[in-house]
Asks: 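This is the structure I have questions about; it appears just below.
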Amino acid sequence: MVRTEPFTPSTIEPGTAPTGPGGIPQRRVLRTELPGPRSRELAKRRTQAVAPGVSSTLPVYIGSAEGAIVVDVDGNCLIDLGSGIAVTSVGHAVPEVVEAVREQVGRFTHTCFMVGPYEGYVEVCERLNSLTPGTHAKTSALFNSGAEAVENAVKVARRATGREVVVAFDHAYHGRTNLTMALTAKNLPYKDGFGPFAGGVHRVPMSYPLRDPEGMTGAEAARRALELVERQVGAARVACVLIEPIQGEGGFVVPAPGFLPALSQWCAESGALLVADEVQSGFCRTGDWFACDDEGVVPDLVTTAKGIGAGMPLAGLTGRAEVMEKVHAGGLGGTFGGNPVACAAAIAAIDTMRSSDLAGAARRIGRVIGERLDPLVGEPPGIAERRGRGAMQAIELVVPGSLEPDPKAAARIASACHAEGVVVLTCGSWGNVIRLLPPLSISDELLEEGLEVLVRAARGVLAG
Ligand SMILES: *Cc1c(COP(=O)(O)O)cnc(C)c1O
């Protein structure tokens with residue numbers, strides 16, 4: 001569905017942001033230049049009020065959202081190919097989620113699960129235990145953010161093994177707290193000047209097929225990493241190997257087949273735990289419930305967040321029952337962790353994923369993105385590859401004729417998309433990757449239109 005003129009007539013009055021369900025038409029409508037006057041006004045207020053260390057991708061301020069459309073405060077309707085970083089996977093303002101949240105808010109918003117427990121928390125844990133990879137006995141604990149889930153995975157792994165070292169990978173992203181900054185690879189913007197960081201972290205090379213020696217298999221990449229661990233740390237000191245099965249902020253790096261199974265096998269032989277950080281890749285995003293499912297890898301611990309609660313802050317740590325039970329009562333928890341409203345949202349979101357087969361939708365989205373973006377690779381030069389799985393897809397920008405990262409091209413393409421009302425995100429250790437994380441409920445028509453804008457932007461930037 002190609003639209004030549006970006007400005008289409010609208011039934012929406014400027015400045016009135018209609019609300020769903022059904023109130024927001026699922027199409028791109030640009031009423032003003034982006035950002036419009038109201039967004040510019042808010043940007044001015046923001047500079048006085050908001051700490052500059054917190055930055056935003058989009059130049060517009062959001063007034064409402066539904067499905068795969070976000071509406072800014074000037075009435076512009078943008079196609080959302082980012083889902084607030086893989087969070088609103090079921091779509092914005094899904095009626096089932098809205099209703100569940102409303103109902104729970106009216107009953108109670110907080111008791112603290114460590115004080116007065118409630119059913120929703122137990123139910124989310126039951127779902128996590130049954131949906132995460134493996135049929136073994138599991139238990140879960142709930143937290144507020146992905147970083148907090150990762151922190152707790154490390155606590156559990158250290159406590160259960162009596163060992164201290166955490167093996168993390170190049171290009172990894174695990175959060176912004178002190179321990180998760182230590183686990184995150186990239187200095188700017190995440191770590192610069194914020195140290196010293198928590199100890200006991202040992203970093204090794206990731207399997208990165210585009211940048212690894214040609215033909216390197218997953219097993220060989222795993223050996224490269226584990227040989228370093230054995231020689232520099234000693235396998236007997238390793239509490240856990242922590243890995244994103246598909247890296248998120250690091251550039252949507254998909255390890256070569258065999259890499260994750262080899263890590264898993266090494267962990268089993270060494271008495272270390274395999275921790276899969278599925279915060280970004282989980283909950284149907286890659287076409288399975290979890291990215292580990294693709295190769296049948298069964299981690300000992302799994303962290304979840306982002307897509308679990310349709311936008312309500314919630315995170316989970318799920319692990320083998322015999323590992324989780326090594327932690328004494330009171331060793332895990334927090335005031336807000338597993339908030340009842342967030343749990344209600346998660347239950348409704350997970351039910352929607354299942355009933356609407358959003359894993360199947362993710363696979364279909366992946367095919368559509370591949371068909372549209374593969375012709376761009378090498379033509380015009382500047383895109384080294386399109387990669388990803390399901391609805392977690394990216395293109396990596398390089399200086400033509402080399403593998404030298406080209407973050408400027410990525411930034412210009414992303415800005416051109418934003419100016420046309422299509423939300424795309426960048427990522428990568430060098431900032432040279434454009435990533436797509438559309439809501440899994442997006443229609444083919446809207447997805448095609450968003451991709452059309454991206455293709456045009458990429459051709460324009462790379463040709464110029
Ligand atoms: C986003 C992310 C985190 C951190 O989650 P927050 O909710 O931002 O703390 C951790 N791991 C991965 C893989 C992520 O993508």
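Sequence positions, counted from 1, serve as the residue numbers for this chain. Order of listing sets the numbers, starting from 1, for every ligand and every atom in it.
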Asks: Show your working on side chain to side chain contact (heavy atoms under 4.5 Å, CB included) between H202 and V238 and close with a plain yes or no.
Replies: CA-CA 9 Å; H202 191 79; V238 176; over 6 Å; no
Asks: Name the closest protein heavy atom to atom 10 (C) of ligand 1, giving the residue it belongs to and the distance to 0.1 Å.
Replies: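 I find the closest protein heavy atom is H174 O, 3.3 Å.
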Asks: Should you measure from each heavy atom of E244, which atoms of ligand 1 turn up under 4.0 Å away?
Replies: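 Every atom of ligand 1 under 4.0 Å from some heavy atom of E244: 13 (C).
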Asks: Quick test: of every protein heavy atom, which one is nearest to atom 15 (O) of ligand 1, and how far off is it to 0.1 Å?
Replies: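 Checking every protein heavy atom, the shortest distance to atom 15 (O) of ligand 1 gives K306 NZ, 2.6 Å.
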Asks: Testing the basics here: between I413 and A457, what is the closest heavy-atom pair and its distance to 0.1 Å?
Replies: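 Scanning both residues, the minimum pair turns out to be O-CB, 4.0 Å.
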Asks: What protein heavy atom lies closest to atom 11 (N) of ligand 1? Include the residue and the distance to one decimal.
Replies: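 The closest one turns out to be D277 OD2, 2.7 Å.
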Asks: Among all protein heavy atoms, pick the one closest to atom 4 (C) of ligand 1 and tell me residue, atom and distance.
Replies: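 In this structure, atom 4 (C) of ligand 1 has A147 N, 3.6 Å as its nearest protein heavy atom.
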Asks: Less than 4.0 Å is my threshold; does some heavy atom of G146 fall inside it relative to ligand 1?
Replies: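 Contact present.
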Asks: Using a plain distance cutoff, I'd like to know if Q280 has any nitrogen or oxygen under 3.5 Å from a nitrogen or oxygen of ligand 1.
Replies: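 Yes: some nitrogen or oxygen of Q280 is under 3.5 Å from one in ligand 1.
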Asks: Between S145 and ligand 1, find which residue part has any heavy-atom pair under 4.0 Å and reply side chain, backbone, both or neither.
Replies: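 Both the backbone and the side chain of S145 come within reach of ligand 1.
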Asks: Report yes or no: do W266 and E230 form a side-chain donor-acceptor pair below 3.5 Å?
Replies: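 There is such a pair (donor and acceptor under 3.5 Å, judged by atom type) between the side chains of W266 and E230.
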Asks: Just how far is it from atom CG of L242 to atom CG of L273, taken to the nearest 0.5 Å?
Replies: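 Output value for this atom pair is 11.5 Å.
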Asks: Under 3.5 Å, is there a donor-acceptor pair between the D406 and N432 side chains?
Replies: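 Short answer, no.
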Asks: Side chain of E244, backbone of S281: donor and acceptor closer than 3.5 Å?
Replies: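 No.
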Asks: When you compare the side chains of R435 and Q280, does any donor N or O come within less than 3.5 Å of an acceptor on the partner?
Replies: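 Their side chains do contain a donor-acceptor pair, which is all the 3.5 Å distance test asks for.
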Asks: What I want to know is whether E249 and ligand 1 share at least one N or O pair that is separated by under 3.5 angstrom.
Replies: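 E249 vs ligand 1: no N/O contact under 3.5 Å.
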